[in-house]
Novice: 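Mind looking over this structure? Questions follow.
Quick note on labels: first sequence line is chain A, next is B, and so on, each numbered from 1.
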Number of protein chains: 2
Amino acid sequence: MKRTGFSEADCPVARALDAIGDWWSLLIVRDAFDGLRRFGDFQKNLGIAKGMLSTRLRKLVELDVLELVPASDGSAYQEYALTRRGRDLFPVIVGLRQWGEAHLYARGEAHSDLVDQTGQPVGPLVLPSRTGRPLTWSDTKVRKVGARKR
Amino acid sequence: MKRTGFSEADCPVARALDAIGDWWSLLIVRDAFDGLRRFGDFQKNLGIAKGMLSTRLRKLVELDVLELVPASDGSAYQEYALTRRGRDLFPVIVGLRQWGEAHLYARGEAHSDLVDQTGQPVGPLVLPSRTGRPLTWSDTKVRKVGARKR
DNA sequence: GCAACTGGTCCTATTATAAGACCAAAGGAA
DNA sequence: TTCCTTTGGTCTTATAATAGGACCAGTTGC
């Protein structure tokens, strides 16, 4: 009765969710994008139990989403920094953010906002075709691969 | 000791994950994008326990991500169809897919693939500024909102 | 030198998930 | 019409994950 796993799935969505689709990992990554780097900072900001955080951080380091680096303030402590693989999660976080903004807030309700360096709100994510034309859901399909299911 | 909730969060990422960030919801939505609509189809394709699926589908309908519609084959059964809100999750699914493809498969390992109607693979998601310039993580920041935390 | 801070580990109570038995309504074949 | 199968669930039970907090060693600040 182990929790169902998808680390062997043919579908990259399933494999991605298997890796980072738990209750905390993406929130930790979001905080990392916001500049948080220390164990205590994540713990305070998320209100997560320390044991949980410890487990999650260890897994994220294992996955090479975060890495341990010497603390930037010169102390003997270490910090958790986003790797290339972690930074590549940016579109996922932005996608969740934009969906949440659009559908989960009452009109006028306050929420944090993603802006560029001039302070302008960013536009919606775009999925381009090879030729640069923007695609929506109905313009695409999944090309199945042979062999085993799930 | 209830599972921590974020339905009141100021951060849209947290609120989105609170709604659909569990182990199954996004996989169900992915299957819905792939054309699955019936209880039994989801159950067979995901290998999920029926009780779990029942709970998840009920929640997704409550959230207005899916809706119950009369079966398209004219039978007395019902089907689960994506709503507008559900279709708006497309970029999130694509983001997960592209991250998974890029980082979770060995070179040459088989995986399913997202293509446009001509069969061409799609390009990577792009986050444009208001003026259309593509933005990366380091070009953006989160504008915090006042008041309460989490 | 000592108190407080940091970054954990470990234990316990509670909640969620997995697996499958069970069931009622609908559909299909004879 | 009758009986069997399919569909779409519910319910129960065992196991796994999470929340909360006690505890602890090494580091830092005073």
Side-chain angles (χ1 to χ4, degrees), chain A residues 1-9 14 17-28 31-32 36-63 66-81 149-150, chain B residues 1-9 14 17-28 31-32 36-63 66-81 149-150:
Chain A
M1 294 184 182
K2 207 172 187 170
R3 172 170 287 181
T4 311
F6 293 99
S7 56
E8 302 300 311
L17 287 171
D18 187 76
I20 52 158
D22 61 87
W23 278 100
W24 288 110
S25 293
L26 282 174
L27 285 170
I28 294 169
D31 275 1
L36 270 58
R37 299 170 67 94
R38 299 277 287 250
F39 186 96
D41 295 334
F42 290 113
Q43 205 258 317
K44 247 175 295 178
N45 192 55
L46 292 170
I48 184 178
K50 293 167 90 176
M52 258 301 89
L53 179 57
S54 183
T55 304
R56 289 289 166 256
L57 287 172
R58 192 166 23 242
K59 184 173 177 200
L60 288 170
V61 168
E62 239 171 60
L63 279 170
L66 298 177
E67 61 182 342
L68 275 167
V69 299
S72 48
D73 62 2
S75 73
Y77 296 113
Q78 290 191 293
E79 296 181 343
Y80 294 90
K149 262 290 186 175
R150 292 226 320 275
Chain B
M1 292 185 184
K2 205 172 188 170
R3 173 169 285 181
T4 312
F6 293 99
S7 57
E8 302 299 310
L17 287 170
D18 187 75
I20 51 157
D22 61 86
W23 277 98
W24 289 110
S25 293
L26 283 175
L27 285 170
I28 293 169
D31 275 1
L36 270 58
R37 296 169 70 94
R38 300 277 285 251
F39 186 96
D41 295 334
F42 290 114
Q43 206 258 314
K44 245 174 297 176
N45 192 55
L46 291 170
I48 183 176
K50 293 166 92 176
M52 256 304 87
L53 179 58
S54 182
T55 305
R56 287 289 166 257
L57 286 173
R58 194 165 23 242
K59 185 174 176 198
L60 288 170
V61 169
E62 238 170 61
L63 279 170
L66 299 176
E67 61 183 341
L68 274 167
V69 299
S72 50
D73 62 2
S75 73
Y77 296 113
Q78 289 190 296
E79 296 181 343
Y80 294 90
K149 260 294 186 172
R150 294 227 321 273

Novice: Can you tell me the distance, in whole Å, between the OH atom of A:Tyr77 and the C1' atom of C:dG8?
Specialist: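 Atom-to-atom, A:Tyr77 to C:dG8, this comes out as 11 Å.
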
Novice: Under 4.0 Å, counting only non-hydrogen atoms across every strand here, what does A:Thr55 touch: a base, just sugar-phosphate, or nothing?
Specialist: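 Counting heavy atoms under 4.0 Å across all strands, no contact is made by A:Thr55.
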
Novice: Kindly say if B:Tyr80 contacts the phosphate of D:dT7, meaning a side-chain N or O under 4.0 Å from OP1 or OP2.
Specialist: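 B:Tyr80 to D:dT7 OP1/OP2: no side-chain N or O under 4.0 Å.
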
Novice: So, OP1 or OP2 of C:dG8: does either fall under 4.0 Å of a side-chain N or O from A:Ser54?
Specialist: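 Result: no.
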
Novice: So, OP1 or OP2 of D:dT10: does either fall under 4.0 Å of a side-chain N or O from B:Arg58?
Specialist: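 So the side-chain polar atoms of B:Arg58 do come within 4.0 Å of the phosphate oxygens OP1 or OP2 of D:dT10, strictly under.
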
Novice: When the distance from NZ of B:Lys59 to C1' of C:dA16 is rounded to whole Å, what number comes out?
Specialist: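 It is 12 Å, rounded to the nearest whole Å.
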
Novice: Could you tell me how far apart A:Asp22 (CG) and D:dA19 (C1') are, to the nearest whole angstrom?
Specialist: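 These atoms are roughly 15 Å apart.
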
Novice: Could you tell me whether the side chain of A:Phe39 reaches within less than 4.5 Å of the side chain of A:Lys50, counting heavy atoms only?
Specialist: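 When only atoms from C-beta onward are counted, A:Phe39 and A:Lys50 do touch, with a gap below 4.5 Å.
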
Novice: Are side-chain heavy atoms of B:Arg38 and B:Asp73 found at a separation under 4.5 Å?
Specialist: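 Result yes, sub-4.5 Å side-chain heavy-atom pair found.
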
Novice: Does the side chain of A:Arg38 get closer than 4.0 angstrom to OP1 or OP2 of C:dG7 through an N or O atom?
Specialist: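 For A:Arg38, the contact criterion (side-chain N or O under 4.0 Å from OP1 or OP2 of C:dG7) is met.
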
Novice: Need to verify one output field. Residue with the more 5' nearest nucleotide on DNA chain D, A:Ala76 or B:Lys50?
Specialist: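 Comparing both residues, the 5'-ward one is B:Lys50.
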
Novice: A:Met52 has an atom CE; how far is it from atom P of D:dG21, in whole Å?
Specialist: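 Going from CE in A:Met52 over to P in D:dG21 covers 16 Å.
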
Novice: Specify the residue among A:Ile48 and A:Gly74 whose closest nucleotide of DNA chain D lies further upstream toward the 5′ end.
Specialist: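 That would be A:Ile48.
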
Novice: Quick one, B:Phe6 and A:Leu27 - any side-chain contact, counting heavy atoms below 4.5 Å?
Specialist: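 Answer yes - side chains close enough.
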
Novice: If you check the B:Thr4 side chain, which of C:dA18, D:dT10, D:dG20 turns out closest?
Specialist: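 The closest nucleotide is D:dG20.
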
Novice: So, is A:Trp23 close to the D:dA16 phosphate, meaning a side-chain N or O under 4.0 Å from OP1 or OP2?
Specialist: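 No, no such contact exists.
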
Novice: Please report, rounded to the nearest Å, how far the P atom of D:dT27 is from the CZ atom of A:Phe39.
Specialist: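 From A:Phe39 CZ to D:dT27 P: 17 Å.
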
Novice: Starting from P on D:dT6, measure out to CD on B:Gln43 and report it in whole angstrom.
Specialist: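 For the pair B:Gln43 CD and D:dT6 P, the rounded distance is 14 Å.
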
Novice: Checking all strands, does A:Phe42 fall into the base, sugar-phosphate, or nothing category for heavy-atom contacts under 4.0 angstrom?
Specialist: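 A:Phe42: no heavy atom of the nucleic acid under 4.0 Å.
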
Novice: Could you tell me whether the side chain of B:Glu67 and the main chain of B:Val61 form a donor-acceptor pair under 3.5 Å?
Specialist: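 Answer holds: no.
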
Novice: So what does B:Ala49 hit on the nucleic acid, given a heavy-atom distance under 4.0 Å: a base, only sugar-phosphate, or nothing?
Specialist: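 If one applies the 4.0 Å heavy-atom cut-off, B:Ala49 turns out to touch a base.
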
Novice: Measure the distance from CD on B:Gln78 to P on D:dG9 and round it to the nearest whole Å.
Specialist: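 One finds 8 Å between P of D:dG9 and CD of B:Gln78, rounded.
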
Novice: For A:Leu53 and D:dA19, what is the distance between atoms CG and P respectively, to the nearest whole Å?
Specialist: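 My rounded result for the distance is 11 Å.
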
Novice: Does B:Asp22 come within less than 4.0 Å of B:Arg3, counting only side-chain N to carboxylate O?
Specialist: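 No, this pair does not count.
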
